[in-house]
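Below is one structure, written out as structure tokens; the observations come after it.
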Amino acid sequence: MTKQIFKSICLTAFVVFLASILLFMGVLYEYFSGIQRSQLKMQTDLAAQGAENEGLKYFDGLDVKYYRITWIDTNGTVLYDSKSDSLEMENHLEREEIKQALSEGRGESSRYSVTLMERSIYSARRLADGTVLRLSITQNTVFTLLLGMLQPIALIFVAALILALALAFRLSRNIVKPLNSLNLDEPLKNEGYRELTPLFERIVTQQRKIRRQREELQQKQSEFETVTTGMEEGIILLNEKQIVLGMNPAASRLFHIDGSCAGKHIVSVDRSLKLQELLYKAGGGGHAEMKMEIGAGYYQFSATPVFSEGLISGIVLLILDVTEKEKAEQLRREFTANVSHELKTPLQTISGYAELLANNMVKPEDTTEFSERIYGEAKRMISLVEDIIRLSRLDEGAEDMEREPVELYGLTEEILRRLTEEAKQAEVQMVLTGEQAEVYGIPRLLEEMIYNLCDNAVKYNQKGGQVSVSVKKEGEGVCVAVSDTGIGIPDDCRERIFERFYRVDKSRSKEIGGTGLGLSIVKHAARLHDAEIELESAPGEGTVISVRLPGICNCNA
Ligand code: ADP
């Protein structure tokens, strides 16, 4: 601003200077021309008197350095001329000043010579005998006068320029200085600027408007933050150029963003091509969705364009955690595939044997064995289907099953009795230790849980091995531990044996009638009773599986 004011002042000074010089010269020129004209008139009168009295003799001794004297006859013939030979001169009757003098007694005129850049002033007077005496004088034009005065004018110009620069410098600083110290927070308190009062009033109105808008925006922002902060779903707001306007904590957590990334492009949040494609679709004006895997989770992205006055002004990106759903779906798919596979094998066996029997292709002495095999496979299928039904009921939460106090020592005793025959065949000895202990739970599930653990301890044992079951109170709760001296479970399989259809040794499990669902039922039943399962195992030495159930007091509470 200082620079601009400085420039303007300099330019004004220059223009004023130039105009002053020209006007001044013009005025002076006119003034002196007037004086010259009246002097010329006087001289003409004197010369006319001389010529009237003495005739041509009057001009003989006359020193006429500055004037030109011409005497013209009544018919326009030049009788005398102080500068040229009168005989060679043309008729002067048509000259303006001569015509005027002949008719009015006096005449005046002036003529410019562009080539000589001169001006000639003429003054003529009619004498008593009718002849005309004319005096003329040459004058420089304003331009030639200016040229002649160039040096002093240039000197004055330089002096004026220096003065103008100094003044402009001071003036511009003096103008800008108070403007820099204006109090714009409270404009109306600035004194000494009456001309700026309308501007100050405008500023105050604008400030009020901005403050109100800011408050409204802050309120909306805090409302938005309050709503979105607690949300588990991630929300990202983008403008039409995919610049992040804001995101809620859930989205920041998902993309591991510590600070704010507002103002940055969405690629600084996630570079995946899938997300770019989704935003591209939404940017085209349509709602778009996709599923994406981030880390160990699955997320559903929904992009919705936001319209303002018919144009897309932004995109709202909603991110839902669908990990559980996705995993459940995956489990269901796997489960269906496993069930089909597990059922297919015994069915094929049954159908094969049945076909042989139907076609009389079995020797009579083998018929019993074939029928037993069919019976065995059918039993396996039945127990598989029973396990599946149990599991699906557990999946549904077993809400229809009643809870009641269950005494676990007696229950375990009964289970071991049922397993006596099996243990005998496997040449395994079973021992039960502990005390009576009650829990609050679903009797059938608790029975199945302990049965499966004991059954496994017998099945995966070695000849001459032992199964020790203990039922003990532990603090408020009860611990049922089933320990065996069997084949043990390798380290890397310990986590997985609770998965559906997972078996360490598939062929051995099938051989001994395992379905691969026993421990899944144990896990589910334990979860429904808020129980914890602990597994210790050493391959070749044995396994201990303990289930810690909350006591009856806890459950009632
Ligand atoms: P299955 O019907 O095959 O016994 P489970 O779900 O009960 O299915 O057990 C899963 C797998 O865990 C079994 O196939 C077996 O390999 C292993 N397993 C379970 N209990 C024991 C145990 N006490 N000792 C060794 N391995 C065991």
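Side-chain N or O atoms of Thr543 include none that pairs as donor or acceptor with a backbone N or O of Ser537 at under 3.5 Å. Checked by atom type and distance alone, the side chain of Asp484 never pairs as donor or acceptor with a backbone atom of Val458 at under 3.5 Å.
For Lys281, there are no salt bridge (charged side-chain N to carboxylate O under 4.0 Å, His left out) partners, not counting sequence neighbours. By the ring pair (Phe, Tyr, Trp, His ring centres under 6.0 Å) test, Tyr298 is found to be paired with no residue, residues two or more places apart in sequence or in another chain being considered. Taking Asp505 as the reference, Ser507, Arg508 meet the side chain to side chain contact (heavy atoms under 4.5 Å, CB included) condition, with sequence neighbours excluded. Contacts of Glu534 classified as salt bridge (charged side-chain N to carboxylate O under 4.0 Å, His left out), with partners at least two apart in sequence or in another chain: Arg548. With sequence neighbours excluded, no residue forms a ring pair (Phe, Tyr, Trp, His ring centres under 6.0 Å) with Tyr502. Remark: Phe501 pairs with Phe335 by the ring pair (Phe, Tyr, Trp, His ring centres under 6.0 Å) rule, at least two apart or across chains. For Glu377, the salt bridge (charged side-chain N to carboxylate O under 4.0 Å, His left out) partners two or more places apart in sequence, or in a different chain, are Arg380. Residues satisfying the salt bridge (charged side-chain N to carboxylate O under 4.0 Å, His left out) test with Glu369, not counting sequence neighbours, are Arg373.
Contacts classified as salt bridge (Lys or Arg N to Asp or Glu O under 4.0 Å) and involving residues 406-418 (residues at least two apart or in different chains) are given here: Glu414-Arg417, Arg418-Glu447. For the salt bridge (Lys or Arg N to Asp or Glu O under 4.0 Å) condition, the pairs that include at least one residue of residues 319-348, sequence neighbours left out, are Lys291-Glu326, Glu342-Arg503. Each side-chain hydrogen bond (donor to acceptor under 3.5 Å, both in side chains) pair with one or both residues in residues 238-257, not counting sequence neighbours, would appear here, but there are none. The ring pair (Phe, Tyr, Trp, His ring centres under 6.0 Å) analysis of residues 419-439, with sequence neighbours excluded, yields no pairs.
Around atom CD of Glu532, no more than 12 heavy atoms belonging to other residues, nucleotides or ligands sit under 6.0 Å away. Within 6.0 Å of NE2 on His341 lie no more than 12 heavy atoms contributed by other residues, nucleotides or ligands. Heavy-atom neighbours of Glu404 CD from other residues, nucleotides or ligands within 6.0 Å: above the threshold of 12. The number of heavy atoms from other shown groups lying within 6.0 Å of CD (Glu355) does not exceed 12. Within a 6.0 Å sphere centred on CD of Glu402, heavy atoms belonging to other residues, nucleotides or ligands number 12 at most. More than 12 non-hydrogen atoms from other residues, nucleotides or ligands lie less than 6.0 angstrom from CZ of Arg494.
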